[in-house]
Amino acid sequence: MTTVDLGDFGDGTRVVHGGHPEPEAGAPLLPGPVFAAPYHLGDSGPSGDFYGRAGNPTWRGLESAIGELDGGRCVLLPSGMAAISTVLRSVLRTGDKLVLPSDGYYASRQFVGDELTELGLDVREIPTPGPWTDEVFEGARLVLLETPSNPGGDVCDIAELAERAHAAGALLAVDNTTATPLGQRPLELGADIVIASDTKALSGHSDILLGHVSVRDEELANRLLRARALSGAIPGPFETWLAHRSMGTLDLRLSRQAENAAALVDALADHPAVTGLRWPGWSQDPAHELASRQMRRFGGVFRFELADADAVQAFIAKSRLVVAATSFGGLHSTADRRAQWGDPVPEGFVRFSAGCENPDDLVQDVLRALS
Ligand SMILES: *Cc1c(COP(=O)(O)O)cnc(C)c1O
């Protein structure tokens, strides 16, 4: 879809121009969403489009833009979980060994535990920082990493673990939701599959759900495309169009979110009410050195702990700018007490998503809400 080669340009240029057609005199600058279900009946024309469940120009525009950033073939799915479940169902066979992050997104583990029972999988749950012993990889079919992990913000070495997975004959997939393709490019680091919930920072306005998978292997890409068309779990054209429109500001939004996260982490570092502060972009974070090596930039999601559930509730009630909401990566700053969702974290654990407000306003508001 993208007619200019964007590879040499910076993040801002690539997200503004990615996936949009060559401008044509007299035609609209940008295409709108394409809602038609049947295309040229009896004659699919040069696009090959014949029915909206198999493919349509609105998907292809965003897939071209994201695929160009990820460095692979992108397949859009209607949510992050649709992306994860489609990969697991497409790759795993009866009796396969699967390695999952024990500290990653909870619904991935729930899906495997509740919905894939008929496969009789050998499931190993490993924390993101490891230990990554050889035994973990032995006989594995698929290793799924999540780095930085949600909600803990821990980091693992994608390049090293990809090499070891490949040596053991396994595929390596990375849930790249928290980083976005601007923050990290797992395929370039050796991963076979990158998965993301674009509900979060990539679309970034807290108004749609969307997900994608990018792969380098054409055969696997075709398997995923077939799975999407035949399962019928497809993204809506309007959500896809909104995500493409929203992605144009991803560079700007991430910059402000990271600026806000840095200012807040700085303000909270020595705060008496705060413990367990973690953000991969923070020079004092134990994962910072590794994160700086494999990540291109940082986003706005960090975490800390207050004394207990009541302290978190009081903090959110007192704040004028921070709202309690699950999900993250949007324009608005949000805080989520993860223990309420069953994550294996302390009661006072907060995942904070810094939005695009002014840094001074946010720091003042958060400090006041904690006092
Ligand atoms: C939110 C999230 C998902 C699931 O995405 P949905 O779009 O809500 O289905 C998967 N992985 C991670 C890391 C997430 O944060």
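The residues of the chain are indexed from 1 along the displayed sequence. Every number for a ligand or one of its atoms is a count from 1 in the order of the listing.
Looking only at side-chain heavy atoms (C-beta outward), W59 and I234 come within less than 4.5 Å of each other. For the pair V16 and F9, the minimum side-chain heavy-atom distance is 4.5 Å or more.
Atom CG of L362 and atom CZ of R320 lie 12.0 Å apart (nearest 0.5 Å).
The pair R124-E135 counts as a salt bridge, with a side-chain nitrogen and a carboxylate oxygen less than 4.0 angstrom apart. Salt bridge annotation for D365-K318: absent, with no cationic side-chain nitrogen under 4.0 angstrom from a carboxylate oxygen.
By the neighbour-count criterion of 12 heavy atoms within 6.0 Å, atom CD of Q313 is sparsely surrounded, having that number or fewer from other residues, nucleotides or ligands.
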Please tabulate, line by line, the atom pairs linking an N/O of ligand 1 to a protein N/O at a distance below 3.5 Å, with the distance in Å to 0.1, or answer 'none'.
residue: ligand 1; atom: 5 (O); partner: S197; partner atom: OG; Å: 3.0
residue: ligand 1; atom: 7 (O); partner: G80; partner atom: N; Å: 2.8
residue: ligand 1; atom: 7 (O); partner: S197; partner atom: OG; Å: 2.8
residue: ligand 1; atom: 7 (O); partner: T199; partner atom: OG1; Å: 2.6
residue: ligand 1; atom: 9 (O); partner: G80; partner atom: N; Å: 3.1
residue: ligand 1; atom: 9 (O); partner: M81; partner atom: N; Å: 2.8
residue: ligand 1; atom: 11 (N); partner: D175; partner atom: OD2; Å: 2.7
residue: ligand 1; atom: 15 (O); partner: N150; partner atom: ND2; Å: 2.9
residue: ligand 1; atom: 15 (O); partner: K200; partner atom: NZ; Å: 2.7

